[in-house]
Amino acid sequence: MMSTPASSLITKDGAVVGVKASGPDGKDYTLYASKGVILATGGFSANVKMRNQYDEIWDKKLDNQVKTTNMPAITGDGINMAVKAGAGLKDMGYIQLLPTTDPATGATNHKIVESTNIYVNKQGNRFVNEQGRRDVLAKAALAQPDHVFYVIGTEQTLLKDKEGRGPYGILISDLLKQKKAFKADTLDELAKKLGMNPDNLKRTVAKWNEFCKTQKGDEFGRMSCEEGNKLPGGPYYASVMTPSVHHTMGGVTIDEDTRVLDKNGRPIRGLYAAGEITGGIHGTNRVGCNAVPDALIFGTIAGREVGK
Ligand SMILES: Cc1cc2nc3c(=O)[nH]c(=O)nc-3n(C[C@H](O)[C@H](O)[C@H](O)COP(=O)(O)OP(=O)(O)OC[C@H]3O[C@@H](n4cnc5c(N)ncnc54)[C@H](O)[C@@H]3O)c2cc1C
């Protein structure tokens, strides 16, 4: 049933037996489940109120100015419904920001160079080990002027297909027109386009190239400069970036059979949950690529359990 958000859980004698929902035509629906209800409504990255209510990492600064990579429906509905049915919560304070997103939209689709290429602030200086954890990178980026930085690349290592499209299928020429990315033949010209001090940028790139040769003594403690991170010469590219809310590690407490647990750790009969709605799976900083397996594996378990 598309565009039919669930609004509450129906309980009977302490067990969850169905959901209430409303359809796009304004019609209300009451749906009963004979074997159980599985919550799979994702996290709460797009719910500004919840972000600031629960945040324990970002000094309650995840307001409307901070974009999200998520779609607008990811507002923690399932978490709030489960809480009303008595569910316990875990790790709600751990909210992940993805450092490399579009300042205008929060999207990631303007990527054109490796995310581990050097990050340069508006003054033309590097400020962090780009191979670090997402929370470390985001914190460092938020300490830069206007929370903005540029990821620098070159023509040789550009991530583009034969039609000139980046990894998300967008023409790089369009990204340049939209000023989501910048291109210049020399570092002087690139600095001018980005409004940064050219001497700083040249010094930053020279130091970086030196590290790429020796792979030793990086001022920010990087372990390596990989082939795709090298900046051997122009034309150069820069993608404009800022951190946006990406993943919420917290959520309802479940056991290994995906049964939702109450505040005392006892299963709530008839209620199951899987995916980003659950808490305690990823610790304080979800590692990239582990969320889809989380949703798929626990979703499969939930289906099996309810189908028994
Ligand atoms: C841009 C981006 C890139 C990512 N890249 C990766 C990656 O490469 N690897 C990886 O592992 N993870 C990645 N993630 C994270 C991963 O996609 C999510 O954690 C995962 O999709 C969560 O799956 P889910 O099924 O729990 O919830 P979601 O996929 O968020 O789905 C929740 C669904 O519930 C619906 N819903 C919400 N509220 C209600 C309601 N009240 N009633 C009915 N339906 C409702 C929503 O409309 C949505 O369809 C990425 C996330 C983003 C945003």
Side-chain angles (χ1 to χ4, degrees), residues 1-10 16 18-24 27-31 33 37-47 49-51 62 66-85 87 90-91 94-111 114-116 134 138 159 166-170 180 241-254 258 260 271-283 285-303:
M1 297 168 75
M2 307 303 284
S3 302
T4 307
S7 50
S8 62
L9 298 171
I10 304 166
V16 173
V19 298
K20 290 197 169 180
S22 38
K27 202 174 147 195
D28 289 335
Y29 292 91
T30 302
L31 306 163
V37 171
I38 303 172
L39 294 169
T41 49
F44 57 94
S45 287
N47 185 328
K49 199 169 159 226
M50 278 181 82
R51 279 167 12 184
L62 301 178
V66 184
K67 303 275 188 296
T68 178
T69 60
N70 287 202
M71 63 167 175
I74 306 306
T75 46
D77 293 6
I79 296 175
N80 293 325
M81 284 185 256
V83 166
K84 283 196 187 132
K90 190 163 168 49
D91 292 348
Y94 302 132
I95 297 174
Q96 180 172 86
L97 269 60
L98 190 70
T100 46
T101 73
D102 180 347
T105 62
T108 54
N109 56 9
H110 70 316
K111 174 176 175 166
E114 292 294 350
S115 306
T116 50
R134 286 179 175 173
L159 304 174
Y168 288 81
I170 302 179
K180 292 181 191 295
M241 299 288 185
T242 199
S244 294
V245 180
H246 185 54
H247 193 90
T248 48
M249 275 73 75
V252 299
T253 321
I254 55 166
T258 72
V260 174
L271 190 60
Y272 300 78
E276 200 173 327
I277 184 179
T278 63
I281 308 290
H282 299 282
N285 174 61
R286 195 261 296 176
V287 175
C289 295
N290 282 359
V292 169
D294 167 10
L296 294 179
I297 291 163
F298 284 102
T300 304
I301 295 170

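Just so you know, ligand 1 is whichever comes first in the structure, and atom 1 is the first atom listed for that ligand. Reckoned from all heavy atoms, side chains included, excluding hydrogens, waters and symmetry mates.
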- Spell out, as yes or no, whether a donor-acceptor pair under 3.5 Å connects the side chain of Arg51 to the backbone of Ser45. yes
- Query: Between Phe298 and Thr278, is any pair of side-chain heavy atoms under 4.5 Å apart?
  - Reply: no
- Will you find, in the side chains of Asn290 and His282, an N or O donor that is under 3.5 Å from an N or O acceptor? no
- Message: Any non-hydrogen side-chain atom of Arg134 less than 4.5 Å from a side-chain atom of Leu97?
- Response: no
- Examine distances only and state if a side-chain atom of Thr101 and a backbone atom of Ala107 form a donor-acceptor pair shorter than 3.5 Å. no
- Message: How long is the straight-line distance from CG of Leu98 back to OG1 of Thr242, given to the nearest 0.5 Å?
- Response: 11.0 Å
- Message: Tell me which residues fall inside the under-4.0 Å heavy-atom shell around ligand 1.
- Response: Pro5, Ala6, Ala40, Thr41, Gly42, Thr69, Asn70, Met71, Ala73, Ile74, Asp77, Met81, His246, His247, Gly275, Glu276, Arg286, Cys289, Asn290, Ala291, Val292, Pro293, Ala295
